[in-house]
Amino acid sequence: MPKNFQSPSGMHDIFGEQYDYFERIREVFFKVAKIYGFEGIETPVMENIKVFTRGVGEHTDIVEKEMYSFKTKGGDQVALRPEGTAGIARSYIEHNLYTRTQPIKFFYFAPFFRYERPQAGRYRQFWQFGLETIGKESPVLDAQIIAVMYNVFQELGIKDLVVEINSMGDSSCREEFEKVLKKHFKKENSSLCADCKKRIKKNPLRVLDCKKCIKVKESAPQIVDYLCIQCRDDFKKVLEYLEELNIPYDLNSFLVRGLDYYTNTVYEFFASGSEERLALGGGGRYDGLINLLGGEETPATGAAMGVERTILSMKENEIKVEKETPRVFIAQLSDLAKRKCLKLFEEFRKANVPVSESFGQGSLKRQMNKANKMNAEYVLIMGEEEAVEDRIIIRDMQSGQQENIKTKEAVKEIKKKLK
RNA sequence: GCGGCCGUAGCUUAAUGGCAAAGCACUCGGUUGUGGUCCGAGAUCAUGCGGGUUCGAGUCCCGUCGGUCGCCCCA
């Protein structure tokens, strides 16, 4: 038995200041997402492994190397979810959500798991907040998701967000492009890195993402030139909507997302202030996914952002999260006073006036100290004498002035003072 | 999965291979019932864990766990 347990590698406890950031991000995200008509969803942290091997893609790194998977006692092959979209797609199919008015719009804020070497901004259990719009095909829905995320970051104080955007085409124009790309890379084979030589066969698009093969990339054909009329028009519309909404974007013809299910519009978000190219999140259209998982051909689009990375970015931008604490504090002394203050606390709660207390603290000095640290404006003090006479003292912490009132007037008095 | 650096109290940091220290925070007291400032005292099984070298290891070596940076990949 070890003397000291540590949390598992790449997993961490969230409390204190860190929790305040989490809470803030969750609140802002939920609020904004609801305004745009999204509703909440929670899916299980694990799924049948096939949901991910089929959905995310058998040959993606996420599935091949990074998934926590195991066999249950009953013999089912399951995996901890490495991302959110596949599980939600499974849920959409399972509950026949196509029978509702389309599209279905979901938001989530949840933990995900990937077995990777941990680093700053990269954990084995990490949190994402995301959106999915399933069941309607329209570029305005892609733009809307980008807009929600953009506005969440605006509200959090990260103003200099940049959206990098590209289109991967649908399955037919992508196939066409991949052929051209393969031909190009084969010609340049000698100058490709070892990894990319392998990539040409399995997934030539990923070469565009390589940081080593920059020269070969630059001379490569661009996908936008190979999009069919439909896809090009679709992509153009997304960009037009973004312009309409004043959301800044950069076209990035090298942007290729690592998950197999993406089609057409794809994008990643970066805080332009930070020097590292750590993406805050990304998303795109995934019209093939529902079908891959056994449902009908269903258009869909979504995005997900990393919570821990958002916090890193907030801290880089020196954005502090102010915790709201009650402006009133109840202090008590003696057993009788404690009992009466417990009751008084309930009255404040019923009247929807937040107050704080430190009933566990013995000395009045400690309680005053705590009230001060919480920046209380008023402290209600009840000692033995006041308890017996059904009085309570109101102390104005700024001026130090105190007055006596009847205990039953306390809620009313405080309400008056707080205005 | 591969390579570099790091790990001393709740936090931030000291300690030529030679008694493990300080500040902040915490608790108590100065004020038998009043915060911020001040003064005094106290407390924490502190060298991540396990081996080795040595008369002696926080310090050197090996392993391991954790963190961090780069590669890979991604949120």
Side-chain angles (χ1 to χ4, degrees), chain A residues 1-12 15-17 25 56 59-67 81-85 109-130 149 193-196 198-199 203 206 209-212 255-259 268-271 276-283 302-313 329 331-334 337 358 361-387 392-402:
Chain A
M1 189 82 144
K3 270 186 199 161
N4 295 304
F5 286 112
Q6 294 169 296
S7 62
S9 178
M11 302 192 178
H12 57 147
F15 62 96
E17 187 201 63
I25 293 166
V56 177
H59 297 296
T60 57
D61 281 3
I62 289 179
V63 166
E64 266 182 352
K65 311 195 295 203
E66 299 171 1
M67 208 150 64
R81 57 187 179 193
E83 57 90 57
T85 303
F109 187 106
F112 297 94
F113 305 85
R114 289 182 202 173
Y115 191 84
E116 287 184 277
R117 189 73 191 269
Q119 265 170 53
R122 195 172 83 183
Y123 302 95
R124 288 183 176 176
Q125 176 174 348
F126 59 99
W127 292 68
Q128 287 189 334
F129 56 97
M149 292 307 191
C193 72
D195 286 327
C196 284
K198 279 183 240 158
R199 285 185 185 121
N203 196 346
R206 294 221 60 79
D209 218 15
C210 182
K211 280 165 205 149
K212 288 181 199 150
L255 181 66
V256 183
R257 307 223 70 217
L259 312 170
E268 287 178 9
F269 294 87
F270 294 92
E276 303 132 56
R277 298 295 290 162
L278 204 60
L280 290 171
M305 313 294 299
V307 175
E308 287 89 349
R309 290 184 180 186
T310 301
I311 294 172
L312 276 180
S313 181
F329 188 97
Q332 41 68 39
L333 207 66
S334 92
S358 185
Q361 211 89 40
S363 82
L364 185 55
K365 188 173 177 166
R366 299 314 312 166
Q367 295 180 69
M368 294 301 288
N369 193 283
K370 189 169 177 193
N372 183 59
K373 279 190 182 139
M374 296 176 92
N375 285 319
E377 288 164 49
Y378 299 97
V379 177
L380 291 161
I381 305 166
M382 188 188 287
E384 181 139 38
E385 199 181 304
E386 289 82 11
I392 196 157
I393 297 164
I394 298 183
R395 179 182 175 86
D396 182 322
M397 290 295 273
Q398 186 123 48
S399 67
Q401 283 182 342
Q402 301 190 168

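Below, read A as the first sequence line, B as the second, and so on, with proteins coming before strands; counting in each chain starts at 1.
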### side chain to side chain contact (heavy atoms under 4.5 Å, CB included) evaluation trace for A/Ile381 with A/Ile392
CA-CA 6 Å; A/Ile381 305 166; A/Ile392 196 157; 5.7 Å; no

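- Considering only side-chain N and O atoms, A/Gln119 lies nowhere under 4.0 angstrom from the phosphate OP1 or OP2 of B/G67.
- Residue contacts shown for A/Gly10 are limited to sugar-phosphate atoms, with no base heavy atom under 4.0 Å away.
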### Secondary structure of RNA chain B in dot-bracket form (Watson-Crick or G-U wobble, distances below 3.5 Å, | marking inter-strand pairs)
(((((((..((((....[..)))).(((((.......))))).....(((((..]....))))))))))))....

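- Side-chain contact annotation: A/Asn369 with A/Lys365, donor-acceptor N/O pair under 3.5 Å absent.
- Among the heavy atoms of the strands lying under 4.0 Å from A/Glu385 is at least one base atom, whether or not backbone atoms are also near.
- We find that CD of A/Glu66 is positioned 12 Å from P of B/G1, with the value rounded to whole Å.
- Nearest nucleotide to the A/Asp61 side chain, out of B/C72, B/A75, B/G33: B/C72.
- Here the P atom of nucleotide B/U27 and the CD atom of A/Gln367 are 12 Å apart, to the nearest Å.
- Between the CZ atom of A/Arg122 and the C1' atom of B/G1 there is a distance of 11 Å, rounded to whole Å.
- When rounded to the nearest whole Å, the span between CD1 of A/Ile393 and P of B/G33 equals 13 Å.
- Around atom CD of A/Gln402, more than 12 heavy atoms belonging to other residues, nucleotides or ligands sit under 6.0 Å away.
- Applying the side-chain contact (heavy atoms from CB on, under 4.5 Å) test to A/Glu116 and every residue at least two apart in sequence or in another chain returns A/Glu66, A/Arg114, A/Arg122.
- If you take OH of A/Tyr123 and C1' of B/C69, they are 14 Å apart, rounded to a whole angstrom.
- Atom CE of A/Met67 and atom OH of A/Tyr115 lie 15.0 Å apart (nearest 0.5 Å).
- Looking at A/Ser313, its side chain never comes within 3.5 Å of a backbone N or O of A/Arg309 through a donor-acceptor pair.
- The same atom, P, is picked in B/A75 and in B/U12; the two are 31 Å apart, to the nearest Å.
- At a cut-off of 3.5 angstrom, counting only N and O atoms as typed in the model, there is a donor on one side and an acceptor on the other between the side-chain of A/Glu386 and the base of B/G33.
- At least one donor-acceptor pair closer than 3.5 Å links the side chain of A/Glu308 to the backbone N or O of A/Trp127.
- OP1 and OP2 of B/C28 both lie 4.0 Å or more from every side-chain N or O belonging to A/Ser363.
- Each of A/Pro8 and A/Trp127 was assigned the nucleotide of RNA chain B with the nearest heavy atom; the assignment lying further toward the 5' end belongs to A/Pro8.
- The shortest distance between side-chain heavy atoms of A/Val379 and A/Met397 falls below 4.5 Å.
- Atom CZ of A/Phe270 is separated from atom C1' of B/A75 by 11 Å (rounded to the nearest Å).
- Among the protein residues, A/Ile62 comes within range of no part of the nucleic acid, since none of its heavy atoms lies under 4.0 Å from any strand.
- Comparing B/G51 with B/G58, their P atoms sit 14 Å apart, to the nearest whole Å.
- Taking atom C1' in both B/G67 and B/A25, one finds a spacing of 24 Å when rounded to whole Å.
- Comparing B/U34, B/G67, B/G1 by their closest approach to the side chain of A/Gln402 singles out B/U34.
- Side-chain contact check for A/Met374 versus A/Phe329: some heavy-atom pair is nearer than 4.5 Å.
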Do any N or O atoms of the protein come closer than 3.5 Å to N or O atoms of nucleotides 35-38 of chain B, and which pairs are they?
{"residue": "B/G35", "atom": "O2'", "partner": "A/Asn372", "partner atom": "ND2", "Å": "3.3"}
{"residue": "B/G35", "atom": "N7", "partner": "A/Arg395", "partner atom": "NH2", "Å": "3.0"}
{"residue": "B/G35", "atom": "O6", "partner": "A/Arg395", "partner atom": "NH2", "Å": "2.6"}
{"residue": "B/G35", "atom": "O6", "partner": "A/Met397", "partner atom": "O", "Å": "3.4"}
{"residue": "B/G35", "atom": "N1", "partner": "A/Met397", "partner atom": "O", "Å": "2.5"}
{"residue": "B/G35", "atom": "N2", "partner": "A/Asn372", "partner atom": "OD1", "Å": "3.1"}
{"residue": "B/G35", "atom": "N2", "partner": "A/Met397", "partner atom": "O", "Å": "3.3"}
{"residue": "B/G35", "atom": "N3", "partner": "A/Asn372", "partner atom": "OD1", "Å": "3.3"}
{"residue": "B/G36", "atom": "O4'", "partner": "A/Asn372", "partner atom": "ND2", "Å": "2.9"}

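- Although no hydrogens or angles enter the test, the distance criterion places a donor-acceptor pair under 3.5 Å between the side chain of A/Gln367 and the main chain of A/Gln332.
- Taking atom CG on A/Leu333 and atom C1' on B/U34, their separation rounds to 10 Å, with Å as the unit.
- By the stacking rule of 5.5 Å between ring centres and under 30° between planes, A/Phe112 does not stack on the base of B/A75.
- Side-chain contact between A/Met368 and A/Arg395: present, with at least one pair of heavy atoms (C-beta onward) separated by less than 4.5 Å.
- One can place CD of A/Glu384 at 15 Å from P of B/U34, the figure rounded to the nearest angstrom.
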